[in-house]
Amino acid sequence: MAHAVIQLPPDQIAPLARHYDAALAARRRHSLIVAAVILVCIALSCWAGEVRPGVFAANAHRLGQYFWNITPTLRWDSLGADLAEWYWNLDGWLKLLFDTILIAYLGTLIGGIGAFCLCFLASANLVRSPWIRLSVRRLLELFRTVPEIVFALLFVVAFGLGAMPGVLALAIHTMGALGKLFAEVVENIDMRPVEGATATGASWTQTVRLAVLPQVLSNFTSYGLLRFEINVREAAIMGFVGAGGIGQDLVEAIRKFYYSDVSAILLLIIATVVIIDLVTERIRHGLIGMEQGR
Amino acid sequence: MIRARLTPTDAERARLFALHPQLASNVHPRSMFTVALLAALAALAVYALWHLSFSIGRLGTGIGQLLHFVTLMLPPDPGTQLPLYLDALGETLAIAFLGTFAGAALALPFGFLAAKNVIANPAFHVAVRRVLDVLRGIDKLIWALIYVTVVGLGPFAGILAIATASIGELGKLFSEAVEASDRKPVEGIVSTGGSKPQAVRFGMLPEVLPVLASQMLYYFESNARQSTIVGIVGAGGLGLHLAEQIRVLEWQKVSFLILMMLIMVAVIDLISSRLRFAIIGRKAVTA
């Protein structure tokens, strides 16, 4: 034989085998406990979430039926007419989509400017006073933890129906989310330019303008664009609570069972989101390239 | 003396400008571009403000109203509705947990089907990916609205909505985790005569499972936030009461409900980040 298997004597194997079995048993016990905890959680959730499998099974076909209903009837021989019928309100929807994008743009811009103003105050390396820094941080945290749609609900009551509460809700949430990211960028800068500026007697604003800003601007833009992508999605649902954009028509189509409209609007939203994602991704990659080329 | 030496004389300056004419103008071509870009962005913003009919007057009265609401919100008080709200909190947790869990369970097969190194046929895994894209591309609130019309009002619609969108999100992440996994254990199992399912079970699953579990927990955190708002369209949980109380202007209850949401989200973040650290170690999470 070219390779004989080396066999340990039985008295050496026995303790090793016992050890192996014990380790295996401990692992099994561990997995069983985890599985039991998960099962208990599922049972509790099913009870709290009013899940009734019987009712669901009885109505499951309606789910398939719904998706069948929203798919438009398109026939080869009358494709043009069918498409025209499916997108009967294309002009109106495109206008609403345009509004939606503008809402996202304004929300991102206003929120971004707010975040820009606050982020320097929230950075530990630029602000010595912990009072200012921590209070700004808590404010940003509040702004980003409360969901946009909740702000939109509140603002619709305060400002009235329309795009304005939508823009403001997006702006507030964006300020919180971007403010945190911006502050993290600022905290990671190279401090030597800052020390240099301070050493020549520059004021705090001059230091920020000349020593901090050149280091962070491309990162800020990149995060801002990323936020714009997210805000376009969010702006599409602002209409659910009356805060403008395409959501208003979508909610009406779903509630009133205008089946083919639902799929038409959904496809339009998805297409818009995909196009905007692609465009901003290109710009962001360009920015990163610029950063590395320097 | 040194300062005098460093400053160029007029003759030197003239020679310098002759050699490098771009120094004579203060305007750098790149800063011209930046100014044009900023002007375009500002013009678009002004157009948007006009198009969306912003007005200073409305803004002023709105902010006044808002400040008035804030004074009415304090102190947060549930009134006699506390048991109802605790019940809704339970519903919200159930929506987040079951939605994430069901979504993850369904995303697991999708994750393997969409991975290049499991299914070699490109047409198939690209098709699976597009399906995941659509599931992910539709917002959870839209799914909730759709499910409310299909299965009726209540938390079950919320669970289905969160689960559907989670299939898209987690399916994509799972497939990326599977694609990034080491090929060698799989090859080892195939070389000892293991079948394809065995190779996935013993060669791939032990490596990707901790990653999948931590991603699932991460989405549980994010879904907990989403499950507080699906109620706005009638899919159960805290959002239902929140939308209702805002409509009837019960501001103390509104602030109490928002406070409940914030505390719930904070507690879930804490627990889930602990669990994530326990599963894959602190280093891997922060990296």
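Remember, predicted model here, so these are calculated numbers, not experimental data. Order of the sequence lines sets the chain letters (A, B, ...), proteins ahead of strands, with each chain counted from 1.
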Which atoms of [X] approach chain A - backbone, side chain, both or neither, heavy atom under 4.5 Å:
{"X": "B/Phe97", "value": "side chain"}
{"X": "B/Val148", "value": "neither"}
{"X": "B/Phe54", "value": "both"}
{"X": "B/Val265", "value": "side chain"}
{"X": "B/Ser55", "value": "backbone"}
{"X": "B/Ile232", "value": "side chain"}
{"X": "B/Leu160", "value": "side chain"}
{"X": "B/Ile146", "value": "both"}

Take the angle between the ring planes of A/Phe98 and B/His51 and call it parallel below 30°, perpendicular above 60°, tilted in between.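 Because their plane-to-plane angle is over 60°, the rings of A/Phe98 and B/His51 count as perpendicular.
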
Checking heavy atoms, do the side chain of A/Ile70, its backbone, both or neither come under 4.5 Å from chain B?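 A/Ile70 has no heavy atom closer than 4.5 Å to chain B.
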
Before you tell me yes or no, could you show the steps for B/Val254 and A/Leu154 under side chain to side chain contact (heavy atoms under 4.5 Å, CB included), namely the whole-Å CA-CA distance, both residues' side-chain angles and the distance that decides it to 0.1 Å? CA-CA 10 Å; B/Val254 169; A/Leu154 290 175; 4.2 Å; yes

Pairwise distance [atom1]([X]) to [atom2]([Y]) - rounded to 0.5 angstrom:
{"X": "B/Ile142", "Y": "A/Leu250", "atom1": "CD1", "atom2": "CG", "result": "5.0 Å"}
{"X": "B/Asp139", "Y": "A/Ile269", "atom1": "CG", "atom2": "CD1", "result": "9.0 Å"}
{"X": "B/Arg136", "Y": "A/Arg233", "atom1": "CZ", "atom2": "CZ", "result": "8.0 Å"}
{"X": "B/Leu93", "Y": "A/Cys41", "atom1": "CG", "atom2": "SG", "result": "10.0 Å"}

For the side chain of B/Arg225 and the backbone of A/Thr145, is there at least one donor-acceptor N/O pair under 3.5 Å apart?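 No, because the side chain of B/Arg225 does not come within donor-acceptor range (under 3.5 Å) of the backbone of A/Thr145.
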
Given 3.5 Å as the limit, does a donor-acceptor pair link the side chain of A/Tyr105 with the main chain of B/Leu41, or not?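 Between the backbone of B/Leu41 and the side chain of A/Tyr105 there is a qualifying donor-acceptor contact (under 3.5 Å).
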
Those residues that, when tested against B/Ala107, pass side chain to side chain contact (heavy atoms under 4.5 Å, CB included) (two or more places apart):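 Once residues adjacent in sequence are excluded, the partners of B/Ala107 under the side chain to side chain contact (heavy atoms under 4.5 Å, CB included) criterion are B/Leu170, B/Phe174.
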
Shortest non-hydrogen separation from A/Phe240 to B/Leu141 and the atoms involved: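 Looking at all heavy atoms of both residues, the closest pair is CE2-O, 3.7 Å.
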
Among A/Asp99, A/Leu44, A/Ile103, A/Val146, who wins on heavy-atom pairs under 4.5 Å with chain B?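 Answer, by heavy-atom pair count under 4.5 Å with chain B: A/Asp99.
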
